[in-house]
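Have a look at the structure below before the remarks.
For the single chain, residues carry numbers from 1 onward in sequence order.
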Amino acid sequence: EVQLAESGGGLVQAGGSLRLSCSASGFTRDDYGIGWIRQAPGKEREGVGCIDGSDGSPYYEDSVKGRFTISSDNDKNTVYLQMNSLKPEDTAVYYCAADWGCTGWGGLAKLGIHKWSGQGTQVTVST
């Protein structure tokens, strides 16, 4: 059984940084994609980015490119989301999610149909 658990959310000022962690377990194949989605108050879920489990290639949505970095530590079975230059519009509940590959990551987020997801962690960016 795949399990995902996020940690590291909190309150940060605009322009600041925060790192989220996702502890993952239960994957029995390498052809998965694991990453992050988010949902701001009153808005639909959107993709943030994904990392390919087979080769470690990252993928980012345009809204976070150049500011956010996804990385993984396979020894610790942990995926990280380093968020820099945070903006108030980044305020959302951030979920760790996974599916078979990263293809269509944003679309899956919008439909809320990633195969696995965690409980979420709140990130609040103040002005």
Side-chain angles (χ1 to χ4, degrees):
E1 179 186 2
V2 173
Q3 293 186 325
L4 305 172
E6 307 93 338
S7 61
L11 174 64
V12 64
Q13 286 189 326
S17 298
L18 207 58
R19 188 177 81 161
L20 306 182
S21 300
C22 172
S23 177
S25 62
F27 289 106
T28 59
R29 293 157 42 182
D30 289 336
D31 55 340
Y32 61 86
I34 184 169
W36 300 88
I37 61 178
R38 67 185 182 184
Q39 186 166 25
K43 295 187 178 181
E44 61 184 4
R45 285 192 180 191
E46 64 173 348
V48 174
C50 175
I51 191 166
D52 190 307
S54 61
D55 63 9
S57 299
Y59 157 81
Y60 302 98
E61 296 288 344
D62 288 343
S63 59
V64 304
K65 273 182 184 176
R67 299 188 299 123
F68 291 11
T69 302
I70 297 176
S71 61
S72 63
D73 183 334
N74 292 334
D75 290 339
K76 295 182 179 179
N77 295 322
T78 301
V79 175
Y80 302 100
L81 178 65
Q82 177 66 44
M83 304 184 291
N84 298 329
S85 302
L86 282 161
K87 305 174 182 179
E89 50 263 44
D90 294 317
T91 294
V93 177
Y94 284 71
Y95 299 88
C96 182
D99 210 301
W100 299 123
C102 291
T103 301
W105 191 258
L108 294 176
K110 187 173 292 187
L111 294 171
I113 56 173
H114 279 93
K115 192 169 180 63
W116 302 283
S117 62
Q119 294 300 308
T121 185
Q122 177 69 47
V123 171
T124 303
V125 184
S126 63
T127 56

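Inter-residue side-chain proximity for S25 and N77 is flagged as unmet; no heavy-atom pair is nearer than 4.5 Å. Between F27 and V2, some side-chain heavy-atom pair lies under the 4.5 Å cut-off. Counting heavy atoms from C-beta on, the side chains of H114 and I37 come closer than 4.5 Å. Using a 4.5 Å heavy-atom threshold, the side chains of Y59 and T103 count as separate. Side chains of V12 and T124 form no contact here, defined as non-hydrogen atoms less than 4.5 Å apart. V125 places none of its side-chain heavy atoms less than 4.5 Å from the side chain of Q13. Within the 4.5 Å cutoff, no side-chain heavy atoms of V123 are placed close to those of D90. For the pair C50/I34, no side-chain contact is recorded, criterion being any heavy-atom separation below 4.5 Å from C-beta on.
Taking hydrophobic clusters as Ile, Leu, Val, Met, Phe, Trp and Tyr residues chained together by side-chain heavy-atom distances below 4.5 Å, L18 shares a cluster with V64. Clustering ILVMFWY residues whenever any of their side-chain heavy atoms sit less than 4.5 angstrom apart, transitively, puts Y80 in a cluster other than the one holding V48. Each of V79 and W105 belongs to its own hydrophobic cluster when Ile, Leu, Val, Met, Phe, Trp and Tyr are linked at side-chain heavy-atom distances under 4.5 angstrom.
Y94 and F68 have tilted rings, their planes meeting at an angle from 30° to 60° on a 0 to 90° scale.
Taking the centre and axis of the six-membered ring of Y95, the NZ or CZ atom of R45 falls inside the cone set by 45° and 6.0 Å.
Proximity of a side-chain donor or acceptor of Q39 to a complementary backbone N or O of E44 within less than 3.5 Å is not detected. Not a single donor-acceptor pair under 3.5 Å links the side chain of S117 to the backbone N or O of A97. The backbone N or O of K115 lies less than 3.5 Å from a partner atom in the side chain of D99, making a donor-acceptor pair. Side-chain N or O atoms of E6 include one that pairs as donor or acceptor with a backbone N or O of G120 at under 3.5 Å. In this structure, the side chain of S54 does not engage the main chain of D52 through any donor-acceptor pair within 3.5 Å.
With ring centers used as reference points, W36 lies 6.0 Å or more from Y60.
Minimum heavy-atom separation, K76 to T78: O-OG1, 2.9 Å. In this structure, S126 and L11 approach most closely via the heavy-atom pair CB-CD1, 4.2 Å. Of all heavy-atom pairs spanning I51 and I70, the tightest one is CB-CG2, 3.9 Å.
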Test side chain to side chain contact (heavy atoms under 4.5 Å, CB included) applied to T91 and Q122, step by step: CA-CA 8 Å; T91 294; Q122 177 69 47; 4.0 Å; yes
S63 vs R38, side chain to side chain contact (heavy atoms under 4.5 Å, CB included): CA-CA, chis, key distance, verdict: CA-CA 12 Å; S63 59; R38 67 185 182 184; 3.7 Å; yes
Stepwise salt bridge (charged side-chain N to carboxylate O under 4.0 Å, His left out) test for D62 and K65: CA-CA 5 Å; D62 288 343; K65 273 182 184 176; 3.2 Å; yes
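Using a 3.5 Å distance cut-off with no hydrogens or angles, the side chains of S17 and N84 do pair a donor with an acceptor.
Between Q119 atom CD and T121 atom OG1 the span is 11.5 Å, to the nearest 0.5 Å. We find the CG-SG distance between L4 and C96 to be 4.5 Å, quoted to the nearest 0.5 Å.
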